[in-house]
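Here's the structure, in structure tokens; my notes come after.
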Amino acid sequence: MKKISKAVMGAILGALLLGSCKKDPLNNLTNDESRIYITNYDSTAKFSSYNTFSVNDSVDVIQDNQFAGRERGNFDSTVITAVSQQMQQRGYQLVSKESSPNLAINISRVINTSTGIFDYSNYWDYYGGYWDPFYWGYPGYGYYAPYAIGIYTIQTGGLEIDLLDLQNAKANNNKLTVIWTGLARGEQVFNSANANAEVMALFSQSPYLKK
Amino acid sequence: MKRIIVKYKYWMIAAIVLLSTSSVHAQNDLQFNVRYNVNIPAGSFRDFVTNPAYKGFTAGLAYPITSQLRVGLDVSYNDYYRKYPRQVYPNGAGSDISAVLTNSIQQIPILLTADYTLTKKGVIRPYVGVGAGVNFISFDQYLGEFDNPQTSTRFAARGEAGILIPLSSYSPTAIRIGGTYNYAPYNKDGVDNLSNWGIHAGVSFALH
């Protein structure tokens, strides 16, 4: 029995040691490395058939799946300018929205909030002996916490760029079809200093997007 | 968290020292062994991780059936990690993802083992061993900071050869050095297997 106890003790200690030996991938990523860029396109779209485009002059803010308004801060302005430059470098001509552009570009900041709870419901049971109610002059009393302890909120965001086909809106049964979408997610995705790099990354992985 | 890890490491070292010093000159006692492993991915596993796992450990119990044959139970842990530079990956028709890809794989095989020492005595005693059991696998593939965790339980088997270097002629305490081939089928998400080669060094001693 003594042998088994020692063996079990060794195994538990071993397991604890081993569990601590995982190299955490998130601790080994820079903010730039944390970001991912996803692009999707309509395989039936003929990108060379479009000549002109226009970009919305502000950025839509979508908060928790609801439209929260339009904004044009430093980050937004930088993205709008960068997208315009990328499109022009691809051979498309920037025109005002009154000039009946072939393509429209919507830019959005999508922000989702999630809430969770750390369940410390047994907190007082564990520490009841230490925080003895006797100390407060209530010997024999227990503790009761009527609320959950440790509620947290996390916001995750993404930059989304949508390219809409205005040229074929009527032919598409009066629909503004999205023919290309670019999405950037990760750490500091809404930082102005990263805006140009994010737009460039989305366009550079979309070589088909050209006049 | 780091403080807790350091605390456990000290506990582990203390336990090993305690058990080592209490070893007796008994040939039929249950034996405990602990080894440090370095494991190198083999075959198609190398498509996912190319570099060795330097954070590997094995702990095991072995009962001597004869002076040369022992059967027992081993638990191992290996942590494989590989970060690939940013690259564009196709993601189905019309979709691409640019990301830094990180594969983080932990294997915990629990094996029934048998090993046979080729000589009854000697300063160096060669041995061979086999093992078979279950492999608890955690395979996390990160695209940037976004994780796609997978956990699985699979069959595992091991072939082993090495040497035991007893600390004295009659002591059951011995230094154990060897190599293993660890067969680890996987068959999930295009990954055929997580088989690997390993080398290890450790110590074996009697419990009483």
Side-chain angles (χ1 to χ4, degrees), chain A residues 1-45 156 158 179-189 197-198 200-209, chain B residues 1-2 4-9 11-16 18-19 22 29-30 32 34 53-61 73 75-83 85-86 88 91-100 102-104 106 108 138 140-147 206-208:
Chain A
M1 194 63 190
K2 213 172 172 184
K3 289 179 191 174
I4 301 297
S5 300
K6 279 189 177 179
V8 169
M9 183 183 77
I12 291 170
L13 290 172
L16 291 169
L17 177 66
L18 304 182
S20 70
C21 290
K22 180 184 171 182
K23 185 168 183 175
D24 186 352
L26 295 180
N27 285 341
N28 290 281
L29 287 176
T30 63
N31 286 331
D32 175 56
E33 289 173 336
S34 78
R35 290 193 290 275
I36 62 170
Y37 303 100
I38 305 171
T39 50
N40 292 282
Y41 71 95
D42 180 350
S43 57
T44 63
T156 57
I179 58 171
W180 180 85
T181 299
L183 175 67
R185 287 194 65 189
E187 292 298 311
Q188 297 190 357
V189 73
E198 289 166 13
M200 192 177 293
L202 291 169
F203 276 84
S204 65
Q205 70 185 61
S206 308
Y208 46 83
L209 180 50
Chain B
M1 185 64 186
K2 272 189 177 170
I4 293 168
I5 291 166
V6 168
K7 193 171 81 175
Y8 286 136
K9 283 181 179 170
W11 271 101
M12 187 68 182
I13 291 164
I16 291 167
L18 185 69
L19 291 170
S22 65
D29 277 336
L30 192 63
F32 181 72
V34 60
Y54 292 107
K55 291 181 175 178
F57 298 90
T58 298
L61 288 171
L73 184 75
V75 181
S76 298
Y77 175 89
N78 296 298
D79 176 44
Y80 298 91
Y81 169 91
R82 175 69 179 176
K83 183 168 80 171
R86 183 175 293 282
V88 178
N91 183 38
S95 183
D96 297 289
I97 297 180
S98 159
V100 170
T102 308
N103 288 323
S104 171
Q106 291 76 45
I108 306 177
S138 171
D140 288 355
Q141 187 164 73
Y142 289 79
L143 289 172
E145 67 179 3
F146 301 98
D147 186 12
L207 300 171
H208 66 100

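None of the values given here were measured: they were computed from a predicted structure. A, B, ... follow the sequence lines: proteins, then strands. Residue 1 opens every chain.
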Which residues share a salt bridge (charged side-chain N to carboxylate O under 4.0 Å, His left out) with B:Asp147, sequence neighbours left out: none
All salt bridge (charged side-chain N to carboxylate O under 4.0 Å, His left out) counterparts of B:Asp140, not counting sequence neighbours: A:Lys22
Chain B contact via [X] - side chain, backbone, both or neither, heavy atoms under 4.5 Å:
X	answer
A:Ser43	neither
A:Ile38	both
A:Asp42	neither

Close side-chain approach of B:Lys55 and B:Asn78, heavy atoms under 4.5 Å: no
Any A:Asn28 side-chain heavy atom under 4.5 Å of B:Tyr81 side chain: yes
Partners meeting ring pair (Phe, Tyr, Trp, His ring centres under 6.0 Å) with B:Tyr80 (sequence neighbours left out): B:Phe45
Close approach to chain B in residues 179-187 of chain A, criterion heavy atom under 4.5 Å: A:Arg185, A:Gly186, A:Glu187
A:Ser206 (side chain) donor-acceptor with A:Leu209 (main chain) under 3.5 angstrom: no
Check: A:Gln205 side chain, A:Leu202 main-chain N or O, donor-acceptor pair, under 3.5 Å: no
Contact winner vs chain A - B:Gly144, B:Pro85, B:Gly94, heavy-atom pairs under 4.5 Å: B:Gly94
Separation of B:Ile97 CD1 from B:Asn91 CG (nearest 0.5 Å): 3.5 Å
